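Order of listing sets the numbers, starting from 1, for every ligand and every atom in it. Here the structure is a predicted model, which is why all the values come from computation and not from measurement. Worth knowing before you read on, the calculation uses all heavy atoms, side chains too, and leaves out hydrogens, waters and symmetry mates.
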Amino acid sequence: MRNTTELPFCPRCGAKTFNSGPFKPWFCKSCDFKIYPNVAAAAGVFIFNTNNEVLFNKRAHDPGIGKLGLPGGFIDANETAEESVHREVKEEVGLEIAELKYLCSCPNQYFYGGINYNTLDIFYTAKALTETIEIDPNEVAAVYWRVPQTVSPEAMAFPSYRHALNVLLTTQGI
Ligand SMILES: [Zn+2]
């Protein structure tokens with residue numbers, strides 16, 4: 001597996017003397033080019049309806065195809081985590097949400113396009129303001145409203161999602 005902590009060539013001068021180990025910054029011995037390989041920020045949300053059910057989605061692509069995910073995704077440049085959650089929820093499932101509250105964060109690894117991205121996943125809870133769901137079929141294969149206690153953490157697509165579900169079940173008094 002190609003990891004973001006491996007880069008065989010300097011991206012500026014092409015030298016093979018690029019040091020891309022676990023320590024930051026990565027640097028080139030030939031041209032002094034430096035890169036800080038920081039984590040990518042992502043956000044996800046547990047959306048509650050009036051029956052105290054949470055919206056889970058079945059992922060339409062890898063990583064984690066067919067497993068359970070949450071609305072959310074990578075945070076864009078110049079976007080807050082909260083803005084990202086509202087945008088991704090609208091794009092993926094067509095819902096408007098309110099009362100966004102921070103739940104927890106958890107490191108994750110996201111393997112996509114031959115690269116293993118180190119991420120920091122930030123999780124929220126929220127309430128659904130609308131009911132009509134319109135899924136983006138490129139992202140979401142299906143959606144399910146489930147009482148969160150009935151969802152097995154093992155069914156979730158990523159270790160960070162399992163962690164967040166456990167935090168939700170143990171801290172939210174639900
Ligand atoms: Zn170089």
Side-chain angles (χ1 to χ4, degrees), residues 1-47 55-95 97 100-126 135-141 143 153-168:
M1 182 185 293
R2 180 75 173 275
N3 194 292
T4 48
T5 54
E6 298 169 13
L7 203 57
F9 300 99
C10 171
R12 183 160 77 181
C13 76
K16 293 181 181 176
T17 53
F18 197 63
N19 185 331
S20 59
F23 303 107
K24 295 190 287 184
W26 295 348
F27 64 94
C28 177
K29 291 176 183 169
S30 295
C31 73
D32 279 339
F33 184 60
K34 292 185 179 70
I35 299 178
Y36 288 83
N38 298 312
V39 299
V45 59
F46 295 91
I47 303 169
L55 188 72
F56 294 89
N57 64 42
K58 184 177 178 182
R59 291 177 57 80
H61 61 74
D62 273 325
I65 187 170
K67 300 201 84 174
L68 290 185
L70 298 167
F74 286 101
I75 298 169
D76 286 342
N78 300 316
E79 185 177 53
T80 69
E82 292 80 8
E83 288 167 345
S84 170
V85 169
H86 284 280
R87 175 181 56 77
E88 292 276 3
V89 168
K90 189 72 181 167
E91 289 173 1
E92 292 182 358
V93 295
L95 285 179
I97 58 173
L100 200 61
K101 290 178 185 161
Y102 174 78
L103 177 68
C104 67
S105 66
C106 188
N108 192 35
Q109 293 196 325
Y110 191 91
F111 187 70
Y112 184 77
I115 299 287
N116 196 26
Y117 294 90
N118 292 301
T119 74
L120 179 66
D121 296 351
I122 305 164
F123 294 96
Y124 293 87
T125 60
I135 64 172
D136 174 356
N138 294 318
E139 299 282 339
V140 176
V143 294
E154 282 65 44
M156 304 297 288
F158 305 116
S160 61
Y161 286 7
R162 287 169 216 147
H163 171 78
L165 179 59
N166 282 325
V167 172
L168 182 80

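Only protein N, O or S atoms were scored, and 4 of them lie under 2.8 Å from the Zn ion (ligand 1).
Within the structure, salt bridge (Lys or Arg N to Asp or Glu O under 4.0 Å) contacts touching residues 11-36 (residues at least two apart or in different chains) do not occur.
In terms of modelled atom types and a separation under 3.5 Å, the side chain of Q109 and the main chain of Y117 share no donor-acceptor contact.
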When you look at E139 and H61, which way does the side chain to side chain contact (heavy atoms under 4.5 Å, CB included) test go after all the steps?
CA-CA 7 Å; E139 299 282 339; H61 61 74; 3.3 Å; yes
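Considering all non-hydrogen atoms of both residues, G69 and Y161 come closest at CA-CE2, 3.4 Å. Across all their heavy atoms, R162 and P153 have their closest contact at CG-O, 2.8 Å.
Ring pair F158/Y110 is tilted by interplanar angle, where 30° to 60° counts as tilted.
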